[in-house]
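Okay, so here's the structure we're looking at.
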Protein chains: 2
Amino acid sequence: MPEQNGVEVCEFLCAHESVVSEVREHMPDEDTLFELAEFYKVFGDSTRIRILTVLCRHEMCVCDLATILSMNQSAISHQLRILKQARLIAARREGKQVFYSLADDHVRHILDTAIEHLAER
Amino acid sequence: MPEQNGVEVCEFLCAHESVVSEVREHMPDEDTLFELAEFYKVFGDSTRIRILTVLCRHEMCVCDLATILSMNQSAISHQLRILKQARLIAARREGKQVFYSLADDHVRHILDTAIEHLAER
DNA sequence: TAAACACATGAACAATCATTCATATGTGAG
DNA sequence: CTCACATATGAATGATTGTTCATGTGTTTA
């Protein structure tokens with residue numbers, strides 16, 4: 001059976017060896033691809049997408065976000081935490097309130113790219 | 001307490017009304033945002049990202065993908081199914097084998113955009 | 001300093017999801 | 001037609017994750 005690092009990886013053997021080894025050489029390292037997936041995962045939730053969509057227009061305090069999205073404050077805070085850790089949004093305190101806004105225009109571009117793709121079926 | 005559609009949505013009332021209503025008017029409909037999240041969700045898994053990365057270079061049969069990614073054939077097939085349903089990849093049968101490839105160059109662009117973003121910290 | 005407000009966070013629960021195992025479908029060889 | 005190969009798929013399982021509830025932290029006002 002075919003093995004890699006002592007672990008059998010494919011019970012059948014239909015490998016087109018030249019293609020396989022050529023692709024293997026050019027694969028980005030695992031860490032990069034893992035980070036990439038983690039990055040997309042942040043966008044893969046309706047609540048977070050809705051938050052980002054709101055912040056595309058205006059910076060916003062937590063309570064207003066909760067009002068707009070019809071969710072309780074705790075749920076919003078948890079999601080804001082995830083968005084902030086991913087550096088997609090920035091926080092600014094003003095008295096008792098904390099205002100969140102998009103970290104940079106790159107986030108807008110990423111959202112636009114996907115919307116564009118979806119528009120093309 | 002503030003209500004929307006008869007459901008209380010925010011136990012505190014700090015609404016900046018003009019901003020809130022302005023944003024509400026310009027929100028895309030729920031379905032669009034849901035689809036957008038679902039779309040990103042497909043990218044939010046290392047296995048699928050790795051598959052897409054491979055297919056960026058070459059079309060590939062299932063068994064070769066399993067070999068390259070050191071995973072069993074069933075796991076790969078399940079993920080290919082998800083990628084295909086999302087129209088990110090296309091399938092082509094050739095005898096007993098099925099070759100998968102990127103659906104279009106748009107997918108490449110989407111991946112590149114994210115890689116670029118990650119590169120900028 | 002005490003109370004109220006705005007937000008953050010830990011624990012618990014339900015739901016979703018990726019992988020594995022077993023098996024089914026489809027194709028070509030003999 | 002039978003067998004072996006390549007892939008697909010349903011069910012089960014373990015892990016991850018979003019929301020809720022309760023409570024904690026930080027800030028302003030009285």
Side-chain angles (χ1 to χ4, degrees), chain A residues 1-2 7-16 20 33-34 37-38 40-51 59-86 89-101, chain B residues 1-2 7-16 20 33-34 37-38 40-51 59-86 89-101:
Chain A
M1 291 207 180
V7 182
E8 57 179 80
V9 294
C10 181
E11 57 269 55
F12 312 112
L13 184 53
C14 62
H16 305 77
V20 167
L33 296 178
F34 183 80
E38 291 300 304
Y40 277 119
K41 206 171 287 182
V42 178
F43 287 91
D45 174 79
S46 331
T47 300
R48 290 193 290 269
I49 285 286
R50 287 158 75 213
I51 290 175
E59 71 168 5
M60 188 91 33
C61 70
V62 179
C63 188
D64 283 351
L65 274 169
T67 301
I68 292 179
L69 303 187
S70 304
M71 294 179 65
N72 72 43
Q73 172 266 319
S74 180
I76 299 292
S77 271
H78 278 296
Q79 299 307 328
L80 286 171
R81 188 165 180 272
I82 293 172
L83 290 167
K84 196 181 174 195
Q85 282 177 342
I89 63 176
R92 170 179 76 79
R93 179 174 276 277
E94 188 176 314
K96 283 180 287 190
Q97 304 181 63
V98 177
F99 286 86
Y100 285 91
S101 56
Chain B
M1 292 208 182
V7 183
E8 58 180 80
V9 293
C10 179
E11 57 270 55
F12 311 114
L13 183 55
C14 63
H16 305 78
V20 167
L33 298 179
F34 183 80
E38 290 301 304
Y40 277 120
K41 205 172 287 183
V42 178
F43 288 90
D45 175 80
S46 329
T47 299
R48 290 192 290 268
I49 284 287
R50 286 159 74 214
I51 291 176
E59 70 168 5
M60 188 90 34
C61 70
V62 180
C63 189
D64 283 351
L65 273 168
T67 302
I68 292 178
L69 303 186
S70 303
M71 294 179 64
N72 71 43
Q73 172 266 320
S74 180
I76 300 293
S77 271
H78 279 296
Q79 298 307 326
L80 287 171
R81 187 166 180 272
I82 293 172
L83 290 167
K84 197 181 173 197
Q85 283 177 342
I89 63 177
R92 170 178 77 79
R93 181 175 275 275
E94 188 176 313
K96 282 180 287 191
Q97 305 181 63
V98 177
F99 287 86
Y100 286 90
S101 57

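Given the structure is predicted, the values throughout are model-derived calculations rather than measurements. Numbered from 1 within each chain, the chains take letters A, B, ... in sequence-line order.
Nucleotide D/dG18 holds its P atom 11 Å from the CE atom of A/Met71, rounded to whole Å. Regarding A/Leu69, its CG atom lies at a distance of 16 Å from the C1' atom of C/dC7, rounded to whole Å. Atom CD in B/Gln79 sits about 13 Å away from atom C1' in C/dT16, given to the nearest Å. The CD-C1' distance, from A/Gln97 to C/dC7, rounds to 10 Å in whole Å. Per the geometry, NZ belonging to B/Lys96 stands 15 Å off P belonging to D/dA8, to the nearest Å. Here C/dA8 presents its P atom at 14 Å from CZ of A/Arg92, a figure rounded to the nearest Å. Atom OH in B/Tyr40 sits about 21 Å away from atom C1' in C/dT16, given to the nearest Å. B/Lys41 has its NZ atom 17 Å from the P atom of D/dT16, to the nearest Å.
Here D/dT9 is the nucleotide among D/dT9, D/dG18, C/dA18 with the atom lying nearest to any side-chain atom of B/Ser77. Here the side chain of A/Arg93 is nearest to one of C/dC7, C/dC21, D/dT27, namely D/dT27.
Residue B/Lys84 is classed as having no contact, given no heavy-atom separation below 4.0 Å to the nucleic acid. Using a 4.0 Å heavy-atom criterion, one finds that B/Phe99 contacts no nucleic acid atom at all.
Going from atom CG of A/Asp45 over to atom NZ of B/Lys41 covers 6.5 Å, rounded to the nearest 0.5 Å.
OP1 or OP2 of C/dT9 has not a single side-chain nitrogen or oxygen of A/Ser74 nearer than 4.0 Å. The side chain of A/Tyr100 contributes no N or O atom lying less than 4.0 Å from OP1 or OP2 of C/dA6. Between B/Gln73 and D/dA6 there is no side-chain polar atom (N or O) within less than 4.0 angstrom of OP1 or OP2. Look at A/Arg81 and you'll find a side-chain N or O under 4.0 angstrom from OP1 or OP2 of C/dT9.
Looking at A/Ile49 and B/Tyr40, their side chains come closer than 4.5 Å, going by heavy atoms from C-beta outward.
Stacking annotation: B/His78 is stacked on the base of D/dT9 (ring centroids less than 5.5 angstrom apart, interplanar angle below 30 degrees).
At least one donor-acceptor pair under 3.5 Å links the side chain of B/Asp64 to the backbone N or O of A/His16. Between the side chain of A/Arg93 and the backbone N or O of A/Gly95 there is at least one donor-acceptor pair closer than 3.5 Å.
Comparing A/Asp45 and B/Val98 against DNA chain D, the residue whose closest nucleotide sits nearer the 5' end is B/Val98. For the pair A/Ile82 and A/Glu94, both in contact range of DNA chain D, the more 5′-proximal nearest nucleotide belongs to A/Ile82.
For B/Ser46 against A/Phe34, the heavy-atom pair with the smallest separation is OG-CD1, 3.5 Å.
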